[in-house]
Protein chains: 2
Amino acid sequence: MPSSNQQMKFALKSTGHSITVPRKQLFKTLQAHEAQTIHELVARCPTVDRATIYRTIELFEELGIVQRLQIGWKYQLELTDSYVHHHHHLVCTRCGAIIALAEDAELEARLITLAATADFTASDHQLEIRGLCSNCH
Amino acid sequence: MPSSNQQMKFALKSTGHSITVPRKQLFKTLQAHEAQTIHELVARCPTVDRATIYRTIELFEELGIVQRLQIGWKYQLELTDSYVHHHHHLVCTRCGAIIALAEDAELEARLITLAATADFTASDHQLEIRGLCSNCH
DNA sequence: GCAAAAATTGCGACTAATTTGCAAAAATTG
DNA sequence: CAATTTTTGCAAATTAGTCGCAATTTTTGC
């Protein structure tokens, strides 16, 4: 099984892109956190220029490596299902915690079926559940 | 049953806010479209100042009247479940169409159960399914 | 309805976020 | 390794979002 690192390199190579230091750096940072804002990413990669970060995120999105989530006021970035285990998010509306929720076969199956009723071929999805976490009950 | 218009007015009044022309205007525009970016909203409400739009959206979010979705590159605004029937979104990755998908009891029930297993009290959720619409198959 | 009080808006200035052009640097090719 | 192609960093330019404040609109209590 290819490591997600090799997978990322293949995604770049196979589409004619180079494997560069900033790209590896950003990928590593993305792996290190469940979800993060662009601002956090910029802060965590001090050696990479802001413009490069924007450009790389855009490329990673096109290649299906990262996706954006709207959680609260600003969007957050995280690796897609191809790079981390598919999961959903529990967002505590009181303390702001973001908790990963493992995928559930029953739920996923229902999704596909539903989409199909609208003659829609689902390839991917994203679910956010808001509420109160155990600490904030 | 109160019209969603009356509901919006009550939400403002009961929290000590005024009912103003710009607020009614924005609400009406939000009702007229499934989801729209701030930019579209600004363009569709030429008589309302940009700053007022941002302030109103912020207020509407606090009052639970609108919510943001991250679809594609920029966030989109839409009325919350209290104002339009609860639903989810099918987003076509080819043509960009956003299709509303009616809620499904089985799905909703599963969500609550899942959240509960993480000792999380769900109050609200948002689901986006990406894929290809019937026209783009 | 009307005048006073309170809340909101529009405007202009301002700060933050994102994009772009381009020469220099790094990666890829053979 | 030299030539070619792709990226990067930097600075400048846009675009998005915020803020202070005087003018205007809403609301309140007759």
Side-chain angles (χ1 to χ4, degrees), chain A residues 5-30 35-63 65-78, chain B residues 5-30 33 35-63 65-78 96:
Chain A
N5 233 299
Q6 290 175 310
Q7 193 184 339
M8 174 271 284
K9 288 179 180 168
F10 177 75
L12 286 171
K13 277 302 192 182
S14 62
T15 52
H17 294 96
S18 308
I19 294 168
T20 68
V21 173
R23 286 173 185 169
K24 285 184 286 188
Q25 173 96 65
L26 282 177
F27 185 74
K28 194 200 288 184
T29 305
L30 287 164
Q36 56 202 310
T37 61
I38 272 264
H39 181 267
E40 290 169 330
L41 210 47
V42 170
R44 286 169 180 152
C45 301
T47 60
V48 183
D49 190 74
R50 234 177 29 260
T52 300
I53 292 186
Y54 279 103
R55 282 185 289 230
T56 305
I57 291 302
E58 187 180 3
L59 174 64
F60 279 6
E61 279 197 289
E62 285 166 12
L63 298 182
I65 296 175
V66 303
Q67 61 182 340
R68 303 184 169 213
L69 313 175
Q70 183 73 38
I71 290 183
W73 203 242
K74 12 196 89 165
Y75 67 82
Q76 309 233 355
L77 301 162
E78 70 165 12
Chain B
N5 235 295
Q6 292 174 310
Q7 194 184 339
M8 174 270 283
K9 289 178 180 169
F10 177 75
L12 286 171
K13 279 300 193 185
S14 62
T15 51
H17 294 96
S18 308
I19 293 168
T20 68
V21 173
R23 284 173 189 170
K24 284 185 286 187
Q25 173 95 66
L26 282 178
F27 186 72
K28 194 199 288 184
T29 306
L30 286 164
H33 302 268
Q36 56 203 309
T37 60
I38 272 261
H39 180 266
E40 290 168 330
L41 210 47
V42 169
R44 286 170 180 152
C45 301
T47 61
V48 184
D49 190 75
R50 222 176 44 259
T52 299
I53 293 188
Y54 279 104
R55 282 185 289 229
T56 304
I57 291 300
E58 187 180 2
L59 175 63
F60 279 6
E61 279 198 288
E62 285 166 12
L63 299 182
I65 296 175
V66 304
Q67 63 184 341
R68 306 184 167 211
L69 313 173
Q70 183 72 42
I71 290 182
W73 200 242
K74 6 198 94 164
Y75 66 83
Q76 309 234 356
L77 300 163
E78 71 166 10

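So you know, we letter chains A, B, ... as the sequences are listed, proteins then strands, and number each from 1. Just so we're clear, the structure is a prediction, and the values are computed from it rather than from any experiment.
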Check the distance between [N]'s [atom2] and [X]'s [atom1] and give it to me in whole angstrom.
| X | N | atom1 | atom2 | value |
| --- | --- | --- | --- | --- |
| A/L12 | C/dA26 | CG | P | 19 Å |
| A/L41 | C/dA17 | CG | C1' | 14 Å |
| B/Y54 | C/dT15 | OH | P | 17 Å |
| A/I38 | C/dT18 | CD1 | P | 6 Å |
| A/K9 | C/dA27 | NZ | P | 12 Å |

Tell me which donor-acceptor pairs under 3.5 Å the side chains of residues 42-49 of chain A have, and how far apart each pair is, sequence neighbours excluded?
| from | atom 1 | to | atom 2 | distance (Å) |
| --- | --- | --- | --- | --- |
| A/R44 | NH1 | A/Q36 | OE1 | 2.7 |
| A/D49 | OD2 | A/A51 | N | 3.0 |

Can you list everything that forms a side chain to side chain contact (heavy atoms under 4.5 Å, CB included) with [X]? Sequence neighbours excluded, please.
| X | result |
| --- | --- |
| A/S14 | A/F10 |
| B/H17 | B/L12, B/T15, B/R23, B/L59 |
| B/K24 | B/M8, B/K9, B/I19 |

Review point. With a 3.5 Å cut-off and just heavy-atom distances, do the side chain of B/R50 and the base of C/dG10 make a donor-acceptor pair?
Key: no
Revision key, fill the gap. Intra- and inter-strand pairing of DNA chain C, written as dot-bracket with Watson-Crick and G-U pairs under 3.5 Å and | for the latter, reads ||||||||||||||||||||||||||||||
Atom pairs under 3.5 Å, N or O on each side, protein against nucleotides 6-9 of chain D: can you list them with distances?
| from | atom 1 | to | atom 2 | distance (Å) |
| --- | --- | --- | --- | --- |
| D/dT6 | O3' | A/S18 | OG | 3.3 |
| D/dT7 | OP1 | A/S18 | N | 3.1 |
| D/dT7 | OP1 | A/R23 | NH1 | 3.1 |
| D/dT7 | O5' | A/R23 | NH1 | 3.3 |
| D/dT7 | O5' | A/R23 | NH2 | 3.1 |
| D/dT8 | OP1 | A/T20 | OG1 | 2.8 |
| D/dG9 | OP1 | A/T47 | O | 3.3 |
| D/dG9 | OP2 | A/D49 | N | 3.2 |
| D/dG9 | OP2 | A/T52 | OG1 | 2.7 |
| D/dG9 | N7 | A/R55 | NH2 | 2.8 |
| D/dG9 | O6 | A/R55 | NH1 | 3.3 |
| D/dG9 | O6 | A/R55 | NH2 | 3.3 |

Point to revise | Trace of the side-chain contact (heavy atoms from CB on, under 4.5 Å) decision for B/F27 with B/T56 | key: CA-CA 10 Å; B/F27 186 72; B/T56 304; over 6 Å; no
